[in-house]
**Q** 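Mind having a look at this structure? Questions to follow.
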Amino acid sequence: MTAKSVFLAAAATLLAAGAAQAQDFTPKSAGTVMLNTRLSVVAPDAGDPITTLGGAATGLKAEVSDDVMPTLGLTYFFTDNVAVEVIAGTTEHTIRAKGAGADVKVQETWVLPPVVSLQYHFAPAARVSPYVGAGVNYMLFYSEKDHNGFGLKVDDGFGYALQAGVDVALRDRWSVNVDVKKIFFETDAKDRFNGVKSKVNLDPWVVSGGLGYKF
């Protein structure tokens, strides 16, 4: 959560600076294609119980680390207000088993979570243009590296996402973007060697800031 707070403060500062320096700008409109390059904090909200395969409690919980990575968003405007965005990026996370007196690294894994969202832009012709969105995502886990005798398998799958953000126009076709997404994703994780499993609600917050360009 600390990383998110720091990043939000930095994004707000960038947003204010962009608004102060903005001059003539290109508004968003039907047919616009917009590319946003962002720096994103991905913060899973895990902490689910780890049980035996038979369902007995182990006293441990599955925790998943945050990560910060560049991401890309490509948006197409069907109308002045309605657009679709495809977001892509990949992050690396550490899965740990934590409990009373225990903190064990289980696995390091990369996650590819593309998101497709349908957006509504409230003021596309304004310099400050907020939007909301909703969509679907797919979580793909790859390049796993197990630790401490574990052999963890985390299932891929679909989830859904809610989104809110704002574009602040700079000079010409450039803009500053701040974007927040909440992704809802539940999966199963099973260890092949130690006979334990967990129902993991990752449900990450994705907090992003960066620059956009309209084509």
Side-chain angles (χ1 to χ4, degrees), residues 1-16 34 36-50 61-75 83-98 105-122 129-142 154-168 175-189 198-212:
M1 297 300 290
T2 301
K4 287 199 298 180
S5 299
V6 172
F7 188 78
L8 276 172
T13 301
L14 182 61
L15 186 64
M34 191 170 184
N36 280 306
T37 57
R38 302 168 174 135
L39 188 64
S40 297
V41 177
V42 180
D45 187 18
D48 298 275
I50 299 173
K61 292 185 177 181
E63 298 285 353
V64 183
S65 66
D66 301 350
D67 196 19
V68 181
M69 284 286 181
T71 56
L72 291 175
L74 187 65
T75 305
V84 64
E85 182 181 28
V86 179
I87 303 111
T90 187
T91 53
E92 184 180 22
H93 301 273
T94 299
I95 302 172
R96 308 185 74 90
K98 292 188 177 183
K105 181 186 286 188
V106 175
Q107 186 183 84
E108 293 172 304
T109 182
W110 285 86
V111 185
L112 181 65
V115 180
V116 179
S117 63
L118 186 66
Q119 301 175 335
Y120 185 84
H121 294 250
F122 294 96
S129 177
Y131 60 87
V132 294
V136 296
N137 85 291
Y138 189 81
M139 292 283 189
L140 175 65
F141 299 88
Y142 68 99
V154 183
D155 292 341
D156 304 336
F158 286 96
Y160 63 96
L162 299 177
Q163 178 185 31
V166 62
D167 295 306
V168 178
S175 59
V176 174
N177 173 260
V178 176
D179 183 273
V180 179
K181 287 181 285 293
K182 178 65 173 178
I183 298 175
F184 299 90
F185 176 73
E186 179 184 282
T187 187
D188 293 310
S198 179
K199 177 76 72 175
V200 182
N201 294 285
L202 288 177
D203 295 349
W205 285 96
V206 183
V207 182
S208 307
L211 289 174

**Q** Does anything in residues 130-139 pair up under salt bridge (charged side-chain N to carboxylate O under 4.0 Å, His left out), and if so which pairs, sequence neighbours excluded?
**A**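 Counting only pairs at least two positions apart or across chains, no salt bridge (charged side-chain N to carboxylate O under 4.0 Å, His left out) contact touches residues 130-139.
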**Q** List the residues meeting side-chain contact (heavy atoms from CB on, under 4.5 Å) with Ser129, not counting sequence neighbours, and say none if there are none.
**A**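 Result, side-chain contact (heavy atoms from CB on, under 4.5 Å) vs Ser129: Lys28, His121.
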**Q** Tell me, do His93 and Pro44 make a side-chain contact under 4.5 Å, heavy atoms counted?
**A**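 Yes; the side chains approach each other to less than 4.5 Å.
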**Q** What's the separation between atom CZ in Phe184 and atom CG in Asn201, rounded to the nearest 0.5 Å?
**A**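 Separation between the atoms: 10.5 Å.
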**Q** Checking Val136 now: which residues fulfil side-chain contact (heavy atoms from CB on, under 4.5 Å) with it, not counting sequence neighbours?
**A**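 side-chain contact (heavy atoms from CB on, under 4.5 Å) check on Val136 returns nothing, list empty.
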**Q** Residues two or more places apart in sequence or in another chain: which of them pass side chain to side chain donor-acceptor pair (under 3.5 Å) with Asn137?
**A**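 In terms of side chain to side chain donor-acceptor pair (under 3.5 Å), with neighbours along the sequence ignored, Asn137 is linked to no residue.
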**Q** What's the spacing between Asp167 CG and Ser175 OG if we round to 0.5 Å?
**A**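 Between atom CG of Asp167 and atom OG of Ser175 there are 5.0 Å.
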**Q** Holding to salt bridge (Lys or Arg N to Asp or Glu O under 4.0 Å), I want the full list of residues that pass it with Asp156, two or more places apart in sequence or in another chain.
**A**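 Not a single residue meets the salt bridge (Lys or Arg N to Asp or Glu O under 4.0 Å) criterion with Asp156.
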**Q** Residues in salt bridge (Lys or Arg N to Asp or Glu O under 4.0 Å) with Asp155, at least two apart?
**A**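 For Asp155 the salt bridge (Lys or Arg N to Asp or Glu O under 4.0 Å) partners, ignoring immediate neighbours, are Lys153.
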**Q** Restricting to non-hydrogen atoms, name the atom on Ile50 and the atom on Ala97 that form the minimum distance, rounded to 0.1 Å.
**A**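 Closest approach of Ile50 to Ala97: CD1-CB, 3.8 Å.
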**Q** Could you tell me which residues satisfy side chain to side chain donor-acceptor pair (under 3.5 Å) with Gln163, sequence neighbours excluded, listed by chain and number?
**A**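 So Gln163 forms a side chain to side chain donor-acceptor pair (under 3.5 Å) with Glu85, Ser117, Gln119, Asp179.
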**Q** When rounded to the nearest 0.5 angstrom, what is the spacing between CZ in Phe158 and CZ in Phe185?
**A**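 Going from CZ on Phe158 over to CZ on Phe185, the span is 10.0 Å.
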**Q** Give, for atom OG of Ser65 and atom CZ of Arg96, the distance between the pair rounded to the nearest 0.5 Å.
**A**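 Nearest 0.5 Å value for the OG-CZ distance: 8.5 Å.
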**Q** Please enumerate all residues that pass side-chain contact (heavy atoms from CB on, under 4.5 Å) together with Val84, with sequence neighbours excluded.
**A**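 If we apply the side-chain contact (heavy atoms from CB on, under 4.5 Å) test to Val84, skipping adjacent residues, the hits are Tyr76, Phe78, Val116.
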**Q** Go through the structure and list residues passing salt bridge (Lys or Arg N to Asp or Glu O under 4.0 Å) with Glu92, not counting sequence neighbours.
**A**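 Applying salt bridge (Lys or Arg N to Asp or Glu O under 4.0 Å) to Glu92 gives none.
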**Q** Listed by chain and number, what are the side chain to side chain donor-acceptor pair (under 3.5 Å) partners of Asp203, not counting sequence neighbours?
**A**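 With sequence neighbours excluded, Asp203 shows a side chain to side chain donor-acceptor pair (under 3.5 Å) to no residue whatsoever.
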**Q** Leu39 vs Val68, test: side-chain contact (heavy atoms from CB on, under 4.5 Å). Steps then yes/no.
**A** CA-CA 7 Å; Leu39 188 64; Val68 181; 3.9 Å; yes
**Q** Rounded at 0.5 Å granularity, tell me how far CG in Asn36 sits from OG1 in Thr71.
**A**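 Rounded to the nearest 0.5 Å, the CG-OG1 separation comes out at 9.0 Å.
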**Q** Can you list, pair by pair, the side-chain donor-acceptor contacts under 3.5 Å of residues 105-114, counting residues two or more places apart and other chains?
**A**
from   : atom 1 : to     : atom 2 : distance (Å)
Gln107 : NE2    : Asp146 : OD1    : 2.8
Gln107 : NE2    : Leu152 : O      : 2.9
Glu108 : OE1    : His147 : NE2    : 2.9

**Q** If we check side chain to side chain contact (heavy atoms under 4.5 Å, CB included) with Pro204, which of these qualifies: Val42, Thr91, Asp45?
**A**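 Running side chain to side chain contact (heavy atoms under 4.5 Å, CB included) over Val42, Thr91, Asp45 with Pro204 returns exactly one hit, Val42.
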**Q** With sequence neighbours left out, write down each residue that passes side chain to side chain donor-acceptor pair (under 3.5 Å) with Lys199, or none if nothing qualifies.
**A**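 Side chain to side chain donor-acceptor pair (under 3.5 Å) list for Lys199, sorted by chain: Asp188.
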**Q** What I'd like to find out is whether the side chain of Ile87 reaches to under 4.5 Å of the side chain of Arg38, using heavy atoms alone.
**A**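 Counting from C-beta outward, Ile87 and Arg38 do come under 4.5 Å.
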**Q** Atom NZ of Lys61 and atom OG of Ser198: how far apart are they, to the nearest 0.5 Å?
**A**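 Interatomic distance, Lys61 NZ to Ser198 OG, rounded to 0.5 Å: 10.5 Å.
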**Q** Indicate yes or no: at least one non-hydrogen side-chain atom of Tyr131 is less than 4.5 angstrom from one of Asn177.
**A**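 Yes; the side chains approach each other to less than 4.5 Å.
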**Q** How far apart are the closest heavy atoms of Ala189 and Val200, and which atoms are they?
**A**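 Smallest interatomic distance, heavy atoms only, reads CB-CG2, 4.1 Å.
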**Q** Can you check whether Val115 reaches Ile183 side chain to side chain, under 4.5 Å on heavy atoms?
**A**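 Result yes, sub-4.5 Å side-chain heavy-atom pair found.
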